[in-house]
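Below: one structure, written as structure tokens.
Only a predicted model underlies this, so the values are computations on that prediction, with no experimental measurement involved. For this chain, numbers begin at 1 and follow the sequence in order.
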Amino acid sequence: SGSSKETPDLLFRLGELYFEESRDYFFQANRKDDDLIRGLATKDVALQERAKKEKAALMVQRDANAKLAVNQYTQIVQKYRDYPRTDEVLFFLAHNLMDLNEEKKALIAYGKLVKDYPKSRFVPDAYLAFGEYYFNNSKGRRDWLLKALEAYKSAANYPESAIYGFALYKQGWCHFNLTDYARAMDLFKATVLYGEFTGSAALEKQGGAKGKNTLIREARNDYVRAYERAGLEPQGAKENFSTVASNPDDRFGMMELLASLYYDAGKDREAALAYSFLIKEKPLIAKTPDWQSRIVDCVL
């Protein structure tokens, strides 16, 4: 029965509390996967069943708390239109709706956030969510991939945002799936360079050095995938890869991936050349006999 100023604050705090609870149940549920893996490894059926059951029960709790969070946030949006933290409310509302697989409703909340609060610090995350929705549901459809690309570009208009590197990376994947491999390579390269040169403060926000290193590694590997798809020759690869990998070990790893991509794609001549390059570069490592037999395989 407090003032109308206090009520939305209380609802907001309550929403946050339920949101934290739902996250906690989510992490607990995912930890049950370790038990499941252990059960599969030891062929312990009882452990497998128990892990699955406990995970399902924890996810029910996760969903229940996410729904309670949604209820609090919805009340604020509906009843307290001039609440100063409405942009934040809309962000958390959308986030919880996504967790509950209510994607369409979540996108309405994200859309309202972008439209009504263009200066909010949550705007890049909202654009990223649109990108992910269109990308994950595109099933190769060109129009959906183009919508995803636009959304990722909008997210990347905020270089100071924690999701900037990821927004670049996902643009690369849009171009890859649209078969524009040269543009995909440009964006995967931009992701690597951004990841390497960005300051430590920005990286801590992006999940620390671990998150950054994963993104750089993935972008490098995907650069190699785009290189192979673009029909580029193995002879130019070493020099080309040096633009995204200054460390010789990283470059060697990229060459190794390229050789196996050629091999799997049935590009025998390119694979044989790439494997002979690897052998020349490191003749004494344990993988050499395998590579040698692949060369023979290709030539035959």
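Side-chain N or O atoms of Tyr169 include none that pairs as donor or acceptor with a backbone N or O of Ala219 at under 3.5 Å. Between the Glu103 side chain and the Met98 main chain, no donor and acceptor come within less than 3.5 Å of each other. No donor-acceptor pair under 3.5 Å is formed between the side chain of Gln61 and the backbone N or O of Ala57.
By the side-chain contact (heavy atoms from CB on, under 4.5 Å) test, Asp116 pairs with Lys112, sequence neighbours left out. In this structure His95 satisfies the ring-ring contact (aromatic ring centres under 6.0 Å, His included) test together with Phe19, Phe91, sequence neighbours excluded.
Phe122 has its side chain within reach of Leu113: a pair of non-hydrogen atoms, C-beta onward, lies under 4.5 Å apart. Two residues are said to be in side-chain contact when any heavy atoms from C-beta on lie closer than 4.5 Å; Lys55 and Asn30 meet this criterion. With contacts defined as side-chain heavy-atom distances shorter than 4.5 Å, the pair Tyr223/Thr243 qualifies. Contact check for Tyr164 versus Tyr158: no side-chain heavy atoms found under the 4.5 Å cut-off. Looking at heavy atoms from C-beta onward, Arg251 lies in side-chain contact with Ser242 at the 4.5 angstrom threshold. The shortest side-chain heavy-atom distance between Val299 and Asp268 does not fall under the 4.5 Å cut-off. With contacts defined as side-chain heavy-atom distances shorter than 4.5 Å, the pair Asp222/Phe176 does not qualify. Side chains of Lys104 and Leu107 form no contact here, defined as non-hydrogen atoms less than 4.5 Å apart.
Rounded to the nearest 0.5 Å, atoms NZ (Lys53) and NZ (Lys32) are 13.0 Å apart. For the atom pair NZ of Lys147 and CZ of Arg141, the computed distance is 9.0 Å after rounding to the nearest 0.5 Å. With rounding to the nearest 0.5 Å, the separation of CD in Glu233 from CG in Asn240 is 12.5 Å. A distance of 9.5 Å separates CZ of Arg229 from CZ of Arg225, quoted to the nearest 0.5 Å. To the nearest 0.5 Å, atoms OH (Tyr83) and CD1 (Ile76) are separated by 5.5 Å. Distance CH2/Trp173 to CG/Leu168: 16.0 Å, rounded to 0.5 Å.
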Please output the side-chain donor-acceptor pairs of residues 253-264 that fall under 3.5 Å, not counting sequence neighbours, one pair per line with the distance.
residue	atom	partner	partner atom	Å
Glu256	OE1	Lys287	NZ	3.4
Glu256	OE2	Lys287	NZ	2.8
Ser260	OG	Leu257	O	3.0
Tyr262	OH	Leu232	O	2.6
Tyr263	OH	Asp297	OD2	2.4

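Using a 4.0 Å cut-off between charged side-chain N and carboxylate O, Arg62 and Glu21 make no salt bridge. Ionic pairing of Lys105 and Glu102 is present here: one or more N-O contacts between side-chain nitrogen and carboxylate oxygen are shorter than 4.0 angstrom. One finds no salt bridge joining Arg23 and Glu20 here, because no Lys/Arg side-chain nitrogen approaches an Asp/Glu carboxylate oxygen to under 4.0 Å.
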### Message
Please evaluate residues Arg13 and Glu16 with respect to the criterion salt bridge (Lys or Arg N to Asp or Glu O under 4.0 Å), reporting the C-alpha separation (whole Å), side-chain torsions for both, the decisive distance (0.1 Å), and the verdict.
### Response
CA-CA 5 Å; Arg13 284 217 292 281; Glu16 272 186 317; over 6 Å; no

Working note: Lys280 + Tyr275, criterion side chain to side chain contact (heavy atoms under 4.5 Å, CB included); need CA distance, chi angles, decisive distance, verdict. CA-CA 9 Å; Lys280 229 193 325 254; Tyr275 281 121; over 6 Å; no

For salt bridge (Lys or Arg N to Asp or Glu O under 4.0 Å), just list the numbers for Asp186 and Arg183, CA-CA rounded to whole Å, side-chain angles, deciding distance to a tenth of an Å, and then say yes or no. CA-CA 5 Å; Asp186 288 344; Arg183 193 78 190 96; 3.6 Å; yes

task: Determine, stepwise, if the pair Leu47 / Leu40 fulfils side chain to side chain contact (heavy atoms under 4.5 Å, CB included).
output: CA-CA 8 Å; Leu47 179 60; Leu40 289 165; over 6 Å; no

**Study point:** Intermediate values then yes/no, side chain to side chain contact (heavy atoms under 4.5 Å, CB included), Arg142 and Leu145
**Key:** CA-CA 5 Å; Arg142 200 179 165 80; Leu145 285 167; 5.7 Å; no

Steps toward side chain to side chain contact (heavy atoms under 4.5 Å, CB included) verdict (Tyr110, Tyr133)
CA-CA 12 Å; Tyr110 279 130; Tyr133 173 76; over 6 Å; no

- [ ] Apply side chain to side chain donor-acceptor pair (under 3.5 Å) to the pair Tyr127 and Glu150, showing each step before the final yes or no.
- [x] CA-CA 9 Å; Tyr127 280 126; Glu150 279 314 305; over 6 Å; no

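A cation-pi geometry, defined here as NZ or CZ lying under 6.0 Å from the six-membered ring centre and within 45° of its normal, does not hold between Lys238 and Phe277.
A donor-acceptor contact under 3.5 angstrom links the side chains of Asp24 and Gln28, judged on distance only. Between the side chains of Ser120 and Asp87, at least one donor N or O sits under 3.5 Å from an acceptor N or O.
None of Thr191, Asp250, Leu215 except one satisfies the side-chain contact (heavy atoms from CB on, under 4.5 Å) rule with Arg220; the exception is Asp250.
With hydrophobic clusters built from ILVMFWY side chains whose heavy atoms lie under 4.5 angstrom apart, Tyr80 shares a cluster with Tyr117.
Ring-plane geometry between Trp144 and Tyr134 is classed as perpendicular, the angle between the planes exceeding 60 degrees on a 0 to 90 degree scale with a lower cut at 30.
Other residues, nucleotides and ligands contribute over 12 non-hydrogen atoms within 6.0 Å of the NZ atom of Lys282.
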